[in-house]
A.B. asks: 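Before I ask anything, let me first share the structure, which is written out below as structure tokens.
When a residue number appears, it is its place in the shown sequence, counting from 1.
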Amino acid sequence: PTPCDDPSNFTLEFESRFESGNLLKSRSHHPVSFPVRGLHDYQLTLRPDLYTTKHTQWFYFRVRKMRARVTYRFTIINLMKSSSLYCHGMKPLLYSEKAAKERGEGWRRAGANIQYYQNCSQVRSYSPPDFPYESDTCYLAHCYPYTYSHLQRYLRQIPPAGLWEFIHPVHMCFVDLEKTMSRVVSGVRGAFLRAPVSV
């Protein structure tokens, strides 16, 4: 039998090799200091943002081969902020492919017993998501993903008159956005900033 068919196998499959995914590595972890029976614990390390001083303040990755009604705990060991909205009740976002197909459900906040605290030099976030289906494909994110492709699709909807630099993919660069906006006529710029975003 395949690992997913084996009822004794609770190993998850992590992936982030897709647009905006930023999980660097994961490993199964069984803490000696506070073992919990039936808990499947994973330590996650995020890939730092490019062209920054190693910032890691958000996450976006995929998980497969989970068991329904099984407790998993994800510990992200390299988030950089000393405090977070997770301390005030915020939950990570969960997207289930099966829930989307069967119920038309999109991204939703999920998880329980979420903790975020600084321990020595590491900031740790414990975030156990509740996976609703067996062997589902789920995505977990800090905030609603908005990728470069989403931005390109949105910008192509804007009339080309006066906004050619935004529409042409070669000229779209996040670091030059402020400089480009300064060259757009002020009335058009205001309309662009007020336009609704559809994902």
A.B. asks: I want to check something: taking the side chain as every heavy atom from C-beta on, are F61 and L44 in contact at a cut-off of under 4.5 Å?
C.D. replies: yes

A.B. asks: Without swapping roles, check the side chain of D136 against the backbone of K98 for a donor-acceptor pair under 3.5 Å.
C.D. replies: yes

A.B. asks: Are the ring centres of F74 and F14 closer than 6.0 Å?
C.D. replies: yes

A.B. asks: To the nearest 0.5 Å, tell me how far C138 SG sits from K65 NZ.
C.D. replies: 14.5 Å

A.B. asks: Report yes or no: do H142 and Y86 form a side-chain donor-acceptor pair below 3.5 Å?
C.D. replies: yes

A.B. asks: So, does Y42 use its side chain to make a donor-acceptor pair with the main chain of L12 at under 3.5 Å?
C.D. replies: yes

A.B. asks: Write down the atom of Y60, the atom of A141, and the distance for their closest heavy-atom approach.
C.D. replies: CD1-CB, 3.8 Å

A.B. asks: Under a 3.5 Å distance rule, please check whether E19 uses its side chain to pair with a backbone N or O of S149 as donor and acceptor.
C.D. replies: yes

A.B. asks: Check whether any side-chain heavy atom of Y95 lies under 4.5 Å from a side-chain heavy atom of Y144, and answer yes or no.
C.D. replies: no

A.B. asks: Any heavy-atom pair between the side chains of W58 and L79 that's under 4.5 Å?
C.D. replies: no

A.B. asks: So, N78 side chain and T45 main chain: donor-acceptor pair closer than 3.5 Å or not?
C.D. replies: no

A.B. asks: Does any N or O in the side chain of D49 come within less than 3.5 Å of the main-chain N or O of T56, such that one atom is a donor and the other an acceptor?
C.D. replies: no

A.B. asks: Can you find a heavy atom in the side chain of K91 that is under 4.5 Å from one in the side chain of I114?
C.D. replies: yes

A.B. asks: Walk me through whether R62 and T137 qualify under side-chain contact (heavy atoms from CB on, under 4.5 Å).
C.D. replies: CA-CA 7 Å; R62 184 179 70 206; T137 296; 3.5 Å; yes

A.B. asks: Using the side-chain contact (heavy atoms from CB on, under 4.5 Å) rule, take M90 and R109 through it: C-alpha gap first, then chi angles, then the decisive distance, then the call.
C.D. replies: CA-CA 8 Å; M90 190 175 87; R109 297 285 176 185; 4.0 Å; yes

A.B. asks: Would you compute the distance between atom OG1 of T11 and atom CE of M66 and round it to the nearest 0.5 angstrom?
C.D. replies: 12.5 Å

A.B. asks: State the OG-OH distance between S20 and Y146, to the nearest 0.5 angstrom.
C.D. replies: 11.0 Å

A.B. asks: Any donor and acceptor pair, going by atom type alone, linking the side chain of T147 with main-chain N or O of H150 inside 3.5 Å?
C.D. replies: yes

A.B. asks: Is there a side-chain contact between L94 and L140, using heavy atoms and a 4.5 Å cut-off?
C.D. replies: yes

A.B. asks: Side chain of S16, backbone of L23: donor and acceptor closer than 3.5 Å?
C.D. replies: yes

A.B. asks: Would E97 and Y133 count as a side-chain contact (heavy atoms from CB on, under 4.5 Å) if you check the C-alpha gap in whole Å, the side-chain angles of each, and the deciding distance to 0.1 Å?
C.D. replies: CA-CA 10 Å; E97 287 190 354; Y133 295 97; over 6 Å; no

A.B. asks: Looking at every non-hydrogen atom in both residues, tell me the closest pair between V70 and H40 and how far apart they are.
C.D. replies: CG1-CD2, 3.3 Å

A.B. asks: Are the ring centres of F131 and Y72 closer than 6.0 Å?
C.D. replies: yes

A.B. asks: Below 4.5 Å, heavy atoms only, C-beta onward: do F59 and P92 meet side chain to side chain?
C.D. replies: yes

A.B. asks: Any salt bridge between R64 and E15, counting N to O under 4.0 Å?
C.D. replies: no

A.B. asks: Hey, could you give me the CD/OG distance between Q43 and S26, rounded to the nearest 0.5 Å?
C.D. replies: 10.5 Å

A.B. asks: Just do the side-chain contact (heavy atoms from CB on, under 4.5 Å) check on R108 and L93 with the steps written out, would you?
C.D. replies: CA-CA 5 Å; R108 65 180 179 89; L93 283 160; 5.8 Å; no

A.B. asks: Do F18 and L151 land in one hydrophobic cluster if side-chain heavy atoms of ILVMFWY residues count as linked below 4.5 Å?
C.D. replies: no

